[in-house]
Amino acid sequence: MIKSLKNFKKYKYLLYELVKKNIKLKYRRSYLGILWTLIEPLLTMLVLSLVFGVFFAKGDKQYPVYILTGRLLYSFFSTGTKGALKSVSSNASMIKKVYVPKYMYVLSSIISNFIIFLISLLVLVAVAAVLQVKPTIYLIEAIVPLIILFIITSGAGLLLATLEVFFRDMDYIWGVVTMLIMYASAIFYQTERLFKTGHGWVFNINPIYMCIANFRNTVLYGRGLDIKYTVCSLAFGLVITAIGVFVFYKKQDKFILYL
Amino acid sequence: MKKDTAIKVSDVSMRFNLSQGKVDNLKEYVIKFITGKLMFNEFWALRDINFEIKKGERLGVLGLNGSGKSTLLKVVSGVLKPTTGTVETRGTLAPLLELGAGFAGDYTGRENVYLYGSVLGYEKEFLDEKFDEIVDFSGIGEFIDVPIKNYSSGMKSRLGFAIATAVEPDILILDEVLSVGDKKFRQKSERKILSMFDKGVTVLFVSHSLEQVLRICDKAIILDGGHIVAKGDVQKVAKIYKNMTE
């Protein structure tokens with residue numbers, strides 16, 4: 001334990017450099033650069049509002065905020081896990097030649113996606129202001145679902161990165177799974193009807209939805225966190241992180257033989 | 001480990017599983033698992049390797065292709081974890097292997113100095129301080145702000161060499177990197193390495209060229225089929241190696 005903390009301290013600067021690299025290279029050579037973190041969710045929100053606003057949200061003026069909150073959180077989870085999944089296998093050439101604690105690749109990938117996500121929250125602030133969503137004292141609590149989502153993404157990322165080294169199929173499987181999670185996370189539809197018709201269990205087993213719902217509670221509806229959702233999603237996050245760390249730690253010395 | 005020991009390799013063995021046909025997707029794995037065909041050909045690249053290098057000693061590792069030399073270097077530098085046995089090292093380690101393996105192509109030379117430096121475990125302040133020296137030594141000049149994918153392979157390895165040797169290491173792990181770049185740079189890099197020798201750096205040098213080993217090292221071992229077949233004074237071992245290869 002002390003040894004790994006010491007090692008972390010030694011490679012702290014590497015983590016910083018890797019995060020910087022991921023963010024810098026993501027937008028290099030595009031004319032608008034980092035602005036895309038803002039434009040992209042805004043455009044998706046417009047498309048989704050146009051397409052689904054007509055069908056689902058009968059005259060709800062704040063529907064774009066509803067979409068944006070769901071879509072921003074989901075896309076952090078989705079790009080974060082997908083980036084982490086590839087982080088070890090895509091750095092194969094480096095891992096084979098220089099010793100570096102391997103979790104650095106996974107962690108740096110998730111942290112850089114998280115930073116991009118935090119920047120993109122500016123869009124939410126702007127849209128909420130335009131649509132006159134009133135901020136309340138509960139806004140402070142919005143940080144809780146974000147932290148939980150970060151924990152879930154890290155744990156899942158470690159697990160996925162390990163699996164990807166041994167089975168390259170994970171890439172495709174996870175693509176389908178994230179799509180399933182997207183449709184089960186109520187990004188562009190309201191959940192009341194599904195709860196009424198007895199399909200509510202989908203949301204009660206979906207920790208990503210729980211984070212989104214809690215985030216909406218604090219940002220959009222001006223009420224506090226749902227305790228049940230908070231506890232469940234946090235518990236899920238801790239369990240998946242424990243599994244992820246354990247599997248990664250057990251298998252990391254074998255990575256190089258499969259890369 | 002004794003105080004004057006720089007590297008201690010005890011009972012190190014390294015096993016690879018050569019699967020018959022690489023299994024890297026789930027379907028194949030499941031089929032082979034069920035049909036019981038998931039057999040591996042074991043291959044021991046290193047077997048019971050024991051040696052110690054004292055501080056300031058320069059050990060040459062001789063051996064033909066496939067004798068386990070590169071595996072040994074990877075084990076000592078920490079890239080590979082041995083199947084059994086332990087490797088202990090004391091002090092900072094500078095592996096001059098595959099220079100520039102950590103470069104990002106879309107990054108400029110300047111950015112790569114910091115990235116590669118951090119990969120090697122340097123601090124930012126250290127790199128800030130050494131930056132001019134690194135650029136100067138590499139002879140990259142004004143190209144330092146050009147993306148590294150536009151560099152020639154010689155430029156890349158020159159920059160890699162300059163970054164890797166910016167630190168004053170206690171232990172230097174050398175492959176046949178002494179042949180980096182053009183003649184002028186080769187002389188320059190050799191001078192740099194020789195100056196480290198004068199400061200008492202410990203060296204682990206891998207080569208199949210007897211000449212180079214004789215020039216650089218004072219001790220040597222011979223690897224053959226993953227075993228150490230001879231070790232001791234470089235002159236003595238060189239004779240054995242000569243007999244082996246002729």
Engineer: Is it the backbone or the side chain of A/Val98 that comes under 4.5 Å from a heavy atom of chain B, or both, or neither?
Structural biologist: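 Both backbone and side chain.
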Engineer: Which atoms of B/Tyr122 are under 4.5 Å from chain A, going by heavy atoms: the side chain, the backbone, both sets, or neither?
Structural biologist: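 For B/Tyr122, the backbone is the part near chain A, not the side chain.
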Engineer: Can you give me the closest heavy-atom contact between B/Tyr114 and A/Glu17, atom names plus distance?
Structural biologist: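 That closest heavy-atom pairing would be CB-OE2, 3.5 Å.
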Engineer: What part of B/Lys74 gets within 4.5 angstrom of chain A, counting heavy atoms only: side chain, backbone, both, or neither?
Structural biologist: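 Only the side chain of B/Lys74 comes within 4.5 Å of chain A.
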Engineer: As an exercise, state the distance from CG of A/Asp253 to CG of B/Leu80, rounded to the nearest 0.5 Å.
Structural biologist: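 That separation rounds to 9.5 Å.
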Engineer: For atom NZ of B/Lys149, decide whether the heavy atoms of other residues, nucleotides or ligands shown that lie under 6.0 angstrom number more than 12.
Structural biologist: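 Yes - once you tally the heavy atoms of other residues, nucleotides and ligands closer than 6.0 Å, there are more than 12.
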Engineer: Checking heavy atoms, do the side chain of A/Leu15, its backbone, both or neither come under 4.5 Å from chain B?
Structural biologist: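 Neither; nothing under 4.5 Å.
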Engineer: Does CD1 in A/Ile143 sit with more than 12 non-hydrogen atoms of other residues, nucleotides or ligands closer than 6.0 Å?
Structural biologist: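 It does not: A/Ile143 CD1 has 12 such atoms or fewer within range.
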Engineer: Check this for me: A/Tyr249, atom OH, are more than 12 non-hydrogen atoms of other residues, nucleotides or ligands nearer than 6.0 Å?
Structural biologist: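 Counting neighbours around OH of A/Tyr249, 12 or fewer heavy atoms of other residues, nucleotides or ligands fall under 6.0 Å, so no.
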Engineer: Which residues pass the side chain to side chain contact (heavy atoms under 4.5 Å, CB included) test with A/Asn204, sequence neighbours left out?
Structural biologist: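 With sequence neighbours excluded, A/Asn204 shows a side chain to side chain contact (heavy atoms under 4.5 Å, CB included) to A/Phe195, A/Lys228, A/Tyr229, given in chain and number order.
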Engineer: Please indicate whether B/Phe143 has more than 12 foreign heavy atoms, meaning atoms of other residues, nucleotides or ligands, lying under 6.0 Å from its CZ.
Structural biologist: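 No, CZ of B/Phe143 has 12 or fewer neighbouring heavy atoms, counting only those of other groups under 6.0 Å.
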Engineer: With rounding to the nearest 0.5 Å, note down the distance linking OG in B/Ser77 to OH in A/Tyr99.
Structural biologist: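 So the gap between those two atoms works out to 11.0 Å.
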Engineer: Rounded to the nearest 0.5 Å, how far does CZ of B/Arg15 lie from CG of A/Leu257?
Structural biologist: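 It comes to 10.0 Å.
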Engineer: Please check if the number of heavy atoms outside A/Tyr27 that lie under 6.0 Å from its OH is greater than 12.
Structural biologist: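 For A/Tyr27, atom OH is crowded (more than 12 foreign heavy atoms under 6.0 Å).
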Engineer: Which one of A/Lys20, A/Arg28, A/Lys24 has the most heavy-atom pairs closer than 4.5 Å to chain B?
Structural biologist: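 If we count pairs closer than 4.5 Å to chain B, A/Arg28 comes out on top.
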Engineer: Taking non-hydrogen atoms and a cut-off under 4.5 angstrom, which of residues 6-14 of chain A neighbour chain B?
Structural biologist: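 Listed by number: A/Lys10, A/Tyr11, A/Tyr13, A/Leu14.
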Engineer: Quick check on A/Trp36: does its CH2 atom have over 12 non-hydrogen neighbours (other residues, nucleotides or ligands) under 6.0 Å away?
Structural biologist: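 No, because the 6.0 Å sphere around CH2 of A/Trp36 holds 12 heavy atoms or fewer from other groups.
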Engineer: Rounded to the nearest 0.5 Å, how far apart are CG of B/Leu115 and CE of A/Met94?
Structural biologist: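 The CG atom of B/Leu115 sits 5.5 Å away from the CE atom of A/Met94.
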Engineer: Name each donor-acceptor pair under 3.5 Å that joins a side chain in residues 105-118 of chain A to protein atoms two or more places apart or in another chain, with its distance.
Structural biologist:
residue	atom	partner	partner atom	Å
A/Ser108	OG	A/Met104	O	2.9
A/Ser108	OG	A/Tyr105	O	3.1
A/Ser109	OG	A/Ala84	N	3.3
A/Ser112	OG	A/Asn22	ND2	3.3
A/Ser112	OG	A/Ser108	O	2.9
A/Ser112	OG	A/Ser109	O	3.0
A/Asn113	ND2	A/Thr79	O	3.4
A/Asn113	ND2	A/Ser109	O	3.2

Engineer: Test of understanding: with side chain to side chain contact (heavy atoms under 4.5 Å, CB included), list the residues that count as partners of A/Val202, not counting sequence neighbours.
Structural biologist: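 Only A/Ala184 meet the side chain to side chain contact (heavy atoms under 4.5 Å, CB included) criterion with A/Val202.
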